[in-house]
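Here's the structure we're looking at; comments come further down.
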Amino acid sequence: MKKNLTIETLASLCKRRGFIFQSSELYGGINGFWDYGPLGCELKNNVKAAWWKHVVQCREDMVGLDATIIMHPAIWKASGHADGFADPMVDCKVCRKRFRADQLCEEQNLELIKTETGVALPEGAKCPACGSKDLTEPRSFNLMFKTFVGPVEDATNQAWLRPETAQAIFVQFNNILATSRQKVPFGVAQMGKSFRNEINPRNYTFRSREFEQMEIEFFIRPDEAVELICGRVTTLADNPDLTSPPQESWGWEVWHRYWVEQRLAWYRSIGLPADSLTLYWQVGDELAHYARTCVDIEYAFPFGIQELEGIAARGDFDLTQHQLHSGKPMEVFDEALKQAADKLEPAEREAFADKVAAQWVAENKSETDARAFVGNLFKGKYLPHVVEPSAGTDRLALALLCNAYDEETLTDDKGKTDTRTVMRFHPAIAPIKLGVFPLVKNKPELYAKAREIFMQLQRRWNCFWDESGAIGRRYRRMDEAGTPWCATIDFQTLEDGTVTLRDRDSMQQERLTLEELIDKINREIT
RNA sequence: GCGAGCGUAGCUCAGUGGUAGAGCUCCACCUUGCCAAGGUGGCUGUCGUGGGUUCAAAUCCCAUCGCUCGCUCCA
């Protein structure tokens with residue numbers, strides 16, 4: 001196992017074998033955009049299909065959505081992206097370092113000046129690195145791509161390409177609830193392209209300007225509703241079994257941790273070893289103001305340990321924002337909650353309301369809001385809270401490529417050594433499942449039999465036909481493509497129908513009938 | 001966007017002012033009874049792009065695009 005892989009080595013193989021090309025390369029390329037070649041698009045499609053199957057099709061409590069990339073611009077006002085996604089930056093003209101204007105002011109106890117066009121630095125602001133006061137004016141970098149809907153390019157027609165897929169799930173929440181026959185707790189999954197005009201795309205495909213996401217919004221009851229229904233709220237302190245089916249008494253903390261475990265289990269199932277993944281719990285300032293907690297699942301890339309997926313508990317922030325901005329109610333009616341509340345005596349209700357109010361006040365929230373919230377709960381109504389597992393598809397594809405890459409030194413009978421490059425993909429995501437070769441190509445019956453078998457197997461999985469060069473060379477070519485098995489048709493095939501199946505990782509061979517081969521591969525790729 | 005480095009064949013790279021090269025890959029045919037590099041033949045570049053200096057530019061200068069690193073960012 002050779003694991004001092006550089007990203008350059010990987011990029012070279014990716015181009016040579018057709019996994020990833022630079023976008024628009026013919027015209028000199030375009031920064032931050034990448035294309036997936038013949039092998040790469042198979043890999044990525046397999047990853048997406050595996051994710052969809054795992055989070056939507058194999059679950060009763062998840063449904064899907066495929067929303068548009070361009071949506072009503074008001075959505076990005078409500079979500080905070082239109083304002084919050086633009087970080088004003090200043091550069092120090094002396095030491096050439098760059099800072100976020102808001103952070104710089106905060107550190108120096110200064111107030112950032114709001115102007116008509118943006119922000120300005122107050123008197124006395126200086127460079128945190130060298131102390132110079134020779135700073136540029138703050139310049140805004142809005143990370144959203146701007147476009148225009150319709151023929152006229154004016155402000156009223158301006159729209160944005162979505163910077164994340166998730167907002168559409170909130171925006172369509174009422175429609176999904178009305179049509180999917182789901183009840184809270186349940187989730188909505190979506191995958192698709194997102195766009196961010198990154199200041200500086202880096203690290204191969206890792207930070208791209210056009211990228212693909214696989215996102216889930218999993219809607220849960222507020223803990224107070226759980227308490228009314230179940231009489232208690234299961235927290236992490238109760239040490240719940242997270243591998244069991246979800247329980248009605250789970251509070252948000254448990255749901256959040258459950259999804260972390262679900263996601264880790266899935267990464268393992270497609271071949272990322274547990275020890276290549278780390279969990280990073282965001283703390284303090286790193287947490288967005290609306291997030292209760294957020295865990296990053298990180299992978300050890302050649303250029304450093306970097307995030308694959310963030311799993312945030314976002315409370316009811318997003319639905320609240322959209323309810324506020326759209327003026328449309330986004331609350332759900334929960335029959336079980338209504339029934340539980342109806343059973344309470346007036347004194348019990350009052351005690352519950354007092355308890356919640358006290359909690360909210362302790363968290364610096366308004367008592368009036370708390371009492372309104374509880375009043376709604378007693379009617380069976382609330383805004384669902386949400387756990388958001390949000391993964392980067394291209395980042396995952398890159399991690400899988402890095403993880404698969406291996407170089408092996410082999411020594412032949414004569415003591416000569418050579419290096420075998422092999423992409424050890426999990427069979428479930430391997431771009432090609434099976435190479436099919438005639439042992440030799442100048443024997444017509446053998447060739448015809450091999451073609452017949454290839455045509456038959458190709459209907460089942462993505463297969464690759466190769467008749468050129470020595471058999472060993474053909475095996476090695478498939479190793480670089482990450483094909484887990486190769487079937488070779490030889491003279492014995494003509495007699496008894498068996499083929500040689502060669503295993504990519506062990507290089508071992510076994511003779512199998514076609515039925516045995518089909519069973520084996522079907523077993524391994526699911 | 002700012003600073004630094006880099007850009008020659010599909011890949012890895014040599015070539016520092018005078019007719020563009022090597023290895024591997026790839027393709028065709030032969031050979032090949034199971035782990036690459038045996039034979040014969042073949043394709044591939046306006047040296048990232050555009051402009052300038054020069055009798056002459058891959059080579060020197062300017063601009064631009066792309067890549068890498070740092071600032072920054074985080075799906």
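Throughout, a chain's letter reflects where its sequence line sits, starting with A, and its residues are numbered from 1. Quick caveat, the model's predicted, so the values are computed rather than measured.
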When the [atom1] atoms of [M] and [N] are compared, how many Å lie between them, rounded to an integer?
N: B:G51; M: B:C11; atom1: P; value: 25 Å
N: B:A56; M: B:G3; atom1: C1'; value: 36 Å
N: B:G1; M: B:A63; atom1: P; value: 14 Å
N: B:C27; M: B:A20; atom1: P; value: 30 Å
N: B:C2; M: B:G45; atom1: P; value: 35 Å
N: B:G21; M: B:U46; atom1: P; value: 15 Å
N: B:U49; M: B:C24; atom1: P; value: 27 Å
N: B:A22; M: B:U44; atom1: P; value: 14 Å

Give [X] one of three labels, base, sugar-phosphate or nothing, depending on what nucleic acid heavy atoms sit under 4.0 Å from its own.
X: A:Glu309; value: sugar-phosphate
X: A:Arg474; value: nothing
X: A:Ser23; value: nothing
X: A:Leu13; value: nothing
X: A:Ile7; value: nothing
X: A:Lys441; value: base
X: A:Ser390; value: sugar-phosphate
X: A:Gln22; value: sugar-phosphate
X: A:Gly32; value: sugar-phosphate
X: A:Gln213; value: sugar-phosphate

Please find out if less than 6.0 Å separates the ring center of A:Phe303 from that of A:Tyr204. no
Could you let me know what [N] is paired to, Watson-Crick or G-U wobble, both distances under 3.5 Å, or none if it's on its own?
N: B:G18; answer: B:C55
N: B:G45; answer: none
N: B:U32; answer: none
N: B:C11; answer: B:G23
N: B:G5; answer: B:C67
N: B:U72; answer: none

Which whole-number value in Å describes the distance from [X] [atom1] to [N] [atom2]?
X: A:Met507; N: B:C35; atom1: CE; atom2: P; answer: 8 Å
X: A:Trp281; N: B:C74; atom1: CH2; atom2: P; answer: 20 Å
X: A:Tyr280; N: B:A75; atom1: OH; atom2: C1'; answer: 17 Å
X: A:Asn203; N: B:C67; atom1: CG; atom2: P; answer: 12 Å
X: A:Tyr204; N: B:U68; atom1: OH; atom2: P; answer: 10 Å
X: A:Phe206; N: B:U68; atom1: CZ; atom2: C1'; answer: 17 Å
X: A:Glu8; N: B:C13; atom1: CD; atom2: P; answer: 10 Å
X: A:Arg207; N: B:A75; atom1: CZ; atom2: P; answer: 9 Å

Generate the contact string for nucleotides 37-48 of chain B. Rules: B means base contact, S means sugar-phosphate contact only, - means no protein heavy atom under 4.0 Å. B-----------
May A:Phe491 be described as stacking on the base of B:G33, applying a 5.5 Å centroid limit and a 30° limit on plane angle? yes
Any idea which of B:C74, B:G70, B:G66 is nearest the A:Arg202 side chain? B:G70
Quick note, A:Arg476 side chain, CB onward, closest among B:G10, B:A36, B:C74 is B:A36
Using a cut-off of less than 4.0 Å, is there contact between a side-chain N or O of [X] and OP1 or OP2 of [N]?
X: A:Asn442; N: B:C30; result: no
X: A:Arg17; N: B:U25; result: no
X: A:Asn31; N: B:C65; result: no

More 5' along RNA chain B: A:Glu198 or A:Pro201, using each one's nearest nucleotide? A:Pro201
Let me spell it out: for each of A:Thr393 and A:Glu25, pick the nucleotide of RNA chain B with the closest heavy atom. Which residue's pick is nearer the 5' end? A:Glu25
Can you tell which of A:Arg473, A:Arg502, A:Arg424, A:Arg504 makes a salt bridge (charged side-chain N to carboxylate O under 4.0 Å, His left out) with A:Asp479? A:Arg502
Using the rule salt bridge (charged side-chain N to carboxylate O under 4.0 Å, His left out), only one of A:Arg17, A:Arg474, A:Arg420 pairs with A:Glu480; which is it? A:Arg17
Taking [Y]'s backbone N and O only, do any of them form a donor-acceptor pair with [X]'s side chain (distance below 3.5 Å, no angle check)?
X: A:Thr9; Y: A:Leu5; value: no
X: A:Glu217; Y: A:Ile169; value: no
X: A:Asp503; Y: A:Gln508; value: no
X: A:Arg395; Y: A:Phe206; value: yes
X: A:Asn46; Y: A:Ile429; value: yes
X: A:Arg162; Y: A:Ala67; value: yes

Only one of A:Tyr475, A:Phe464, A:Phe454, A:Tyr447 passes ring pair (Phe, Tyr, Trp, His ring centres under 6.0 Å) with A:Phe437; say which it is. A:Tyr475
A:Phe218 and ring pair (Phe, Tyr, Trp, His ring centres under 6.0 Å): which single residue from A:Tyr258, A:Phe186, A:Trp252, A:Trp259 fits? A:Trp259
Base of [N] paired with side chain of [X] (donor-acceptor, under 3.5 Å):
X: A:Arg420; N: B:C35; answer: no
X: A:Glu388; N: B:A75; answer: no
X: A:Ser12; N: B:C11; answer: no
X: A:Asp296; N: B:C74; answer: no

Under 30°, 30 to 60°, or over 60°: which ring-plane class applies to A:Phe145 and A:Phe33, parallel, tilted or perpendicular? tilted
